[in-house]
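Please read the structure below before turning to the comments.
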Amino acid sequence: SVERSPDIQTVRLQLPVVAEEQKIMEAVHNSNLVVVYGATGSGKTTQVPQFLFEAGYGSLGSPTPGMIGVTQPRRVAAVSMAKRVGDEMGNQGKKVAYQIRFEGTVSQDTAIKFMTDGVLLREVAQDIALRKYSAIIIDEAHERSVNTDILIGMLSRVVKLRQEMAQEDQSTKPLKLIIMSATLRITDFTENTTLFSEPPPVLQAEGRQYPVTTHFSRRTNHDYVEEAFQKISKGHKKLPPGGILVFLTGQNEITQLSKKLKEAFRMGHTSTGPQVRISGKDAPIETEDIDFGDFGDDRNDDFDEDDEADIDVGEDEEFKLEGEEEETGPAKMHILPLYSLLPTKEQLRVFEPPPEGSRLVVLATNVAETSLTIPGIRYVFDCGRSKERKYDKNTGVQSFEISWISKASASQRAGRAGRTGPGHCYRLYSSAVYERDFEEFAEPEILRMPIEGVVLQLKSMNLQHVINFPFPTPPDRQSLASSEKLLTYLSAISPTGQITSTGATMSIFPLSPRFARILLVGHLHDCLPYTIALVAGLSAADIFIPSNQAIPQIAALEPDTYLTALDHAESERAAAIRRHFNAVQKSFCFLDSKSDAIKLLQVVGEFAHEPTETWCISHFICYAPISPLSQPWHIKINSHHRHRNR
Ligand code: ADP
Ligand code: MG
């Protein structure tokens, strides 16, 4: 039995999920499939695995000896949740382990195994019956990542298979599947009869643990990094003790803000640590692998303006917390970055207590949006945006765009302030923008991307008829059919739809099948470095600045218009730029005047030789290849606001 420390016991008993233990376990007992819904902080991730453990799952000698597998969308969540559950389980703590792409602590004694969804996907591919497990918990299913969706589809079949096996042979036990979600948007699972012929029972645990007060900004500043800097600086001086968690969209912003804060509060220099290398051949693909990080300064120069008056809130009012007359927090800041490309070890630093006399300030991307409980966080500053991969459905070219998060995400972010005590969430956008521009929920990732990568992944798991795969939200048949056609053309699958050895190799790359194929051909012809450069160029959005943007446009003049000296200078300047522009384009094409691919290769090669913004400017190449116009908060530009020039 589990002996927990009294402290842990007290905390556990307050969690809404714990009150539902009996109902949840009854449902698990009666049904192979159960959905658990509970608002963020209700105790799903930490408690449900322990309920299963205490009911005998994962224990040798019990009727259900297989491990309890728990999936997380992110590495840092898998590692930190394993640690937390281990701590909670006291004398049994050693039975909790994790497995992520390059490392793990799983042993023979492991009863509860936290892992990324990529790890479990790979295990399903190796053993479709998942014999090592007696129960699987798919956590954070509301995030609707492609991996989660595929896992749920696969597992619906694994559960059936195990049921059949158990009926034939008493020594095999059915597999229990528990899907956990922090939002009530679960009808894609519960009402999808292709996925589950009978609707699974839904167990609810209501109520967030601690109240979080939300504060909207009066107006929405387009420069949210600056806005965050201002607000955090003020907040740090005025607010009672408690950690600050800041949501930004990417590594560059984090580095930038970290530097500003450190300068303002006179501290040492920024260190964001080395980057994770992506190389493992035998490793599963995790969300982080397809996250290429930043493409430079990607902030937008356009304004969005609220319908509300343009009043700046006085700083005194803004951070005055009603009813709280506590002293302000410590004077020093302990600033830590948290983003997915940061090595897991570095990410885990946020869980350590800050040095005596300093306030913990975590600058994070949406890595910190779900799962994590960072002890002591009391204030959340949310920029309301996130960076998402966007694909051109026709070319498969991906870009990163910053857009508004959903209302569901905003509430997840706010929830991070109420994990270990009551908290406050400062939204760096107005309630008008929130109401008008935020979707209720984010669209499932699978509907936002070209499907051929997913099809290839399924084929690599020996699924021949992808059309029959029980997707929670199925992509349309037309695009499934055209993906198969493309994969056949790329020799990734045979004409009968089976994966080829080429296809199997291609499925290992965290790249679209087209690009994976290019790399393989490059390897075959011994020119891999060039093909890597080429794929790098192709997988970025449009990198060339078009001539009409590069060259100043001079209005055509009437024949006998009197030209001022200024007009002359202007048109001469334009002509000079045009000459330079043409010369540059020509030089890019000197190896081959007809091939766009060779031109692109030349650009990437030259840039690699001199990777500076200056080079880009003088060669009419976008340093930050993110189109400002496609950013959703480009709403309207008020005339009294000047445009900053890039
Ligand atoms: P859910 O998955 O429903 O969002 P969790 O099970 O992750 O909730 O966490 C429930 C609560 O347990 C948190 O709100 C927090 O109070 C406590 N908790 C979880 N992890 C930690 C931790 N590392 N340190 C302190 N408290 C924690
Ligand atoms: Mg959770």
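Counting convention: from 1, in listed order, for ligands and their atoms alike. Quantities reported herein were computed from a predicted structural model and do not represent experimental measurements.
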Could an N or O of ligand 1 be found under 3.5 Å from any N or O of [X], whether backbone or side chain?
{"X": "T45", "value": "yes"}
{"X": "Y210", "value": "no"}
{"X": "T420", "value": "no"}
{"X": "V11", "value": "no"}

At under 4.0 Å between heavy atoms, is it the side chain or the backbone of M180 that contacts ligand 1, or both, or neither?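 The answer is neither; M180 stays 4.0 Å or more away.
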At a non-hydrogen distance cut-off of under 4.0 Å, which region of L15 contacts ligand 1 (side chain, backbone, both, or neither)? side chain
Will you find, in the side chains of [X] and [Y], an N or O donor that is under 3.5 Å from an N or O acceptor?
{"X": "H236", "Y": "R359", "answer": "yes"}
{"X": "E191", "Y": "T187", "answer": "no"}
{"X": "K113", "Y": "Y133", "answer": "yes"}
{"X": "T45", "Y": "R84", "answer": "no"}
{"X": "T370", "Y": "E143", "answer": "yes"}
{"X": "Q72", "Y": "D117", "answer": "no"}
{"X": "E227", "Y": "Y429", "answer": "no"}

How close does the nearest protein non-hydrogen atom get to [atom], and which residue and atom is it?
{"atom": "atom 6 (O) of ligand 1", "value": "T46 OG1, 2.5 Å"}
{"atom": "atom 19 (C) of ligand 1", "value": "T373 OG1, 3.5 Å"}
{"atom": "atom 4 (O) of ligand 1", "value": "G41 N, 2.8 Å"}

Nearest-option assignment for atom 15 (C) of ligand 1, heavy atoms, candidates K83, E88, Q50, R419: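 Among K83, E88, Q50, R419, the closest heavy atom to atom 15 (C) of ligand 1 belongs to R419.
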Of the listed options (R12, E140, Q14, R84), which comes nearest to atom 17 (C) of ligand 1 when hydrogens are ignored and any heavy atom counts?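 Comparing heavy atoms across R12, E140, Q14, R84, the nearest one to atom 17 (C) of ligand 1 lies in R84.
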For M81, counting its heavy atoms only, list the atoms of ligand 1 lying under 4.0 Å from any of them. 7 (O)
Which atoms of ligand 1 have any heavy atom of T40 under 4.0 Å away? 4 (O)
Looking only at heavy atoms of G43, does any of them come nearer than 4.0 Å to an atom of ligand 1?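 It does; at least one heavy atom falls under 4.0 Å.
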Return the orientation label for the Y434 and F216 ring planes: parallel under 30°, perpendicular over 60°, tilted otherwise. tilted
If I take every N, O or S atom of T45, is at least one of them less than 2.8 Å from the Mg ion (ligand 2)? yes
Taking everything shown except K407 itself, do over 12 heavy atoms lie less than 6.0 Å from its NZ?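 Correct, the count exceeds 12.
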Does the pair E388/R448 count as a salt bridge with the N-to-O cut at 4.0 Å?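 Answer for the salt bridge query: yes.
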